[in-house]
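Numbering starts at 1 and runs along the sequence shown. Atom set for the values below is all heavy atoms of this structure, side chains included, hydrogens, waters and symmetry mates excluded.
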Amino acid sequence: MADTTRTTSHDPDSRRPDLATETFVAHRNLLFTVAYELLGSAADAEDVLQETWLRWTGVDLDTVRDQRAYLIRITTRRALDRLRTLGRRKESYVGPWLPEPLLTAPDVAEDVELAEHVSMAMLLVLETLLPIERAVFVLREVFDLDYEEIAEAVDKTPTAVRQLAYRARSHVAARRPRGNVSAADTRAALAAFQRAVDTGDLQHLLDILAPDVVFLGDGGGVARAALSPIVGAEAVTAALAAGLGNLAARAPEPAHINGHPALLLRIDGRIDTVLALRLDDGLITGLYSVRNPGKLARLQHETALHR
């Protein structure tokens with residue numbers, strides 16, 4: 001990134017690098033959130049921000065009417081390019097692919113709408129959209145851009161964007177978690193999981209598993225994980241029972257992941273696994289275990305997400 005040291009020159013043009021930097025820094029968390037929502041990968045989102053910065057430094061600021069919208073436009077276009085590449089990468093991924101989990105600050109959970117949209121469950125729903133649909137949905141539903149702004153960002157007409165937004169909303173509505181899930185409900189479900197790990201008694205956990213619950217484990221071919229989804233309460237319970245000893249050795253601890261309560265499992269102080277849940281109507285319908293070390297590196301510090 002460019003040198004941000006202020007100049008003392010009175011030449012107006014000499015302050016341009018400072019103005020570009022100050023504007024970018026002011027919107028950085030927003031831009032990261034846009035990129036992460038589109039990609040589900042913090043590492044790729046950071047690369048997109050670097051590309052956005054390089055593009056932004058070449059812009060004549062006098063021609064920019066709305067700097068926030070312009071930066072979102074650059075970020076969206078760079079993210080769409082990368083999303084297509086990421087799709088090809090996922091085709092050769094070993095086992096189920098899960099979004100990269102983020103350790104988030106309490107203020108993310110306080111923004112209920114943002115927390116819902118960055119949850120592991122919602123990011124998996126967004127994975128079922130076409131890239132252009134995902135971009136339109138995120139920009140409209142999460143960041144409340146108008147259709148004209150979105151049209152500029154995705155290089156479509158406002159009419160086409162409205163149609164894409166309608167299609168994406170319908171698709172997401174049919175697949176998103178049902179009903180509002182409180183943090184207290186999620187913590188209770190996680191507590192049942194932890195009791196099962198501590199005591200070896202899976203009955204309390206079985207009581208809150210939906211009949212069609214799905215367990216996804218992401219090891220990326222590096223860490224041990226199921227290579228295909230495990231479906232059904234009995235199959236999931238059997239898989240958990242087989243691994244209870246290993247789970248207990250990893251000392252589960254509560255954390256806020258992607259704006260929601262989750263568990264971190266450590267070995268010798270190192271984060272080994274992130275476990276997140278999807279709840280529907282009070283039952284666990286999704287268990288998401290991320291073990292790929294490449295996706296756990298960012299969990300040493302909180303990530304700021306903003307709209």
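- Put simply, OG1 on Thr273 and CG on Leu296 are 7.5 Å apart, with the number rounded to the nearest 0.5 Å.
- Summarising the local packing, CD of Glu46 is surrounded by more than 12 heavy atoms from other residues, nucleotides or ligands at distances under 6.0 Å.
- Cation-pi contact between Arg169 and Tyr166: absent, since separation from the ring centre below 6.0 Å together with deviation from the ring axis within 45° is not met.
- For the residue pair Gly259 and Val108, the shortest heavy atom distance occurs at CA-CG1, 3.8 Å.
- When only modelled atom types and interatomic distance are considered, Arg175 and His171 share a side-chain donor-acceptor pair under 3.5 Å.
- By the criterion of side-chain heavy atoms lying less than 4.5 angstrom apart, applied directly or through intervening Ile, Leu, Val, Met, Phe, Trp or Tyr residues, Leu264 is not grouped with Phe193; the two fall into different hydrophobic clusters.
- Checking Arg78 against Thr52 by side-chain atom types alone, no donor-acceptor pair falls below 3.5 Å.
- Nearest heavy-atom pair across Leu279 and Ala189 is CD2-CB, 4.1 Å.
- Cluster membership for Leu49 and Trp53, using ILVMFWY side-chain heavy atoms within less than 4.5 angstrom, is shared.
- The structure places CD of Glu127 at 7.0 Å from CG of Leu124, a figure rounded to the nearest 0.5 Å.
- Residues Phe137 and Leu123 fall within the same hydrophobic cluster, defined by Ile, Leu, Val, Met, Phe, Trp and Tyr side chains chained together at heavy-atom separations under 4.5 Å.
- Between the CD atom in Gln194 and the CG atom in Leu275 there is a gap of 10.5 Å [rounded to 0.5 Å].
- Surrounding CZ of Arg307 are more than 12 heavy atoms belonging to other residues, nucleotides or ligands, all under 6.0 Å away.
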Can Leu103 and Ile257 be said to form a side chain to side chain contact (heavy atoms under 4.5 Å, CB included), step by step? CA-CA 5 Å; Leu103 184 66; Ile257 298 296; 4.2 Å; yes
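- Looking at Asp107 and His306, their side chains come closer than 4.5 Å, going by heavy atoms from C-beta outward.
- A heavy-atom distance below 4.5 Å is found between the side chains of Phe215 and Ser289.
- Note on Met122 and Leu102: same hydrophobic cluster, where clusters join Ile, Leu, Val, Met, Phe, Trp and Tyr whose side-chain heavy atoms are under 4.5 Å apart, directly or indirectly.
- Counting all heavy atoms, side chain and backbone alike, Ala223 lies closest to Pro293 at CB-CD, 4.3 Å.
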Run the numbers on Asp47 and Arg82 for salt bridge (charged side-chain N to carboxylate O under 4.0 Å, His left out), then give the verdict. CA-CA 9 Å; Asp47 287 344; Arg82 189 165 289 261; 3.4 Å; yes
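- The closest donor-acceptor contact from the side chain of Lys156 to the backbone of Val136 lies at 3.5 Å or more, if one exists at all.
- In plain terms, the two heavy atoms of Gly219 and Ala225 that are nearest each other are N-CB, 3.6 Å.
- In this structure, the ring of Phe24 has its center no less than 6.0 angstrom from the ring center of Trp56.
- A heavy-atom distance below 4.5 Å is found between the side chains of Arg176 and His117.
- Applying the side chain to side chain donor-acceptor pair (under 3.5 Å) criterion to Gln67, with sequence neighbours excluded, gives Thr23.
- Checked by atom type and distance alone, the side chain of Asn258 pairs as donor or acceptor with a backbone atom of Val118 at under 3.5 Å.
- Separation of atoms CG (Asp201) and CG (Leu205) is listed at 9.5 Å; rounding is to 0.5 Å.
- Applying side chain to side chain contact (heavy atoms under 4.5 Å, CB included) to Arg134 and the options Thr128, Leu80, Val125, Leu126 leaves one that passes, Leu126.
- Atoms CD1 and CG, on Ile284 and Leu190 in that order, are 7.5 Å from each other to the nearest 0.5 Å.
- Transitive grouping of hydrophobic side chains (ILVMFWY, heavy atoms separated by less than 4.5 Å) brings Ile72 and Val161 into a common cluster.
- Nearest approach of Ala115 to Ala109, heavy atoms of both residues: CB-CA, 4.2 Å.
- Between Val59 and Thr57 the shortest side-chain heavy-atom distance does not fall below 4.5 Å.
- Counting only distance, with no hydrogens or angles, the side chain of Glu116 and the backbone of Glu113 share no donor-acceptor pair below 3.5 Å.
- Of all non-hydrogen atoms in Pro101 and Leu299, the two that sit nearest each other are O-CD2, 3.6 Å.
- Glu152 contributes atom CD, which lies 10.0 Å from atom CG of Leu145 (distance to the nearest 0.5 angstrom).
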Test side chain to side chain contact (heavy atoms under 4.5 Å, CB included) on Arg55 and Arg77 and set out the steps. CA-CA 11 Å; Arg55 174 73 177 84; Arg77 289 179 176 177; over 6 Å; no
Could you walk me through whether Leu277 and Leu287 pass side chain to side chain contact (heavy atoms under 4.5 Å, CB included), step by step? CA-CA 5 Å; Leu277 306 177; Leu287 276 162; 3.0 Å; yes
Evaluate the side chain to side chain contact (heavy atoms under 4.5 Å, CB included) criterion for residues Gln203 and Arg195: first the C-alpha distance (whole Å), next the side-chain angles of each, then the deciding distance (0.1 Å), finally the verdict. CA-CA 10 Å; Gln203 185 57 52; Arg195 280 197 303 273; over 6 Å; no
Run the salt bridge (charged side-chain N to carboxylate O under 4.0 Å, His left out) check on Arg89 and Asp44 step by step: do they pass? CA-CA 12 Å; Arg89 199 190 310 165; Asp44 285 289; 3.4 Å; yes
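- Side-chain contact, Asp185 with Ser182: a donor N or O sits under 3.5 Å from an acceptor N or O.
- Between Leu114 and Thr33, the closest side-chain pair of non-hydrogen atoms falls below 4.5 Å.
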Go through the steps for Glu100 and Arg298 under the test salt bridge (charged side-chain N to carboxylate O under 4.0 Å, His left out), then give the verdict. CA-CA 9 Å; Glu100 183 177 347; Arg298 196 182 176 92; 5.7 Å; no
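- In summary, the side chains of Thr104 and Thr303 do not present any donor paired with an acceptor at a separation below 3.5 Å, with no hydrogens or angles considered.
- Within the cation-pi definition used here (under 6.0 Å to the ring centroid, within 45° of the axis), Arg140 qualifies as a partner of Tyr147.
- Contact check for Arg278 versus Met120: no side-chain heavy atoms found under the 4.5 Å cut-off.
- Using modelled atom types and a 3.5 Å distance limit, the side chains of Tyr93 and Asp218 yield a donor-acceptor pair.
- Using modelled atom types, no side-chain atom of Thr75 and backbone atom of Leu31 make a donor-acceptor pair closer than 3.5 Å.
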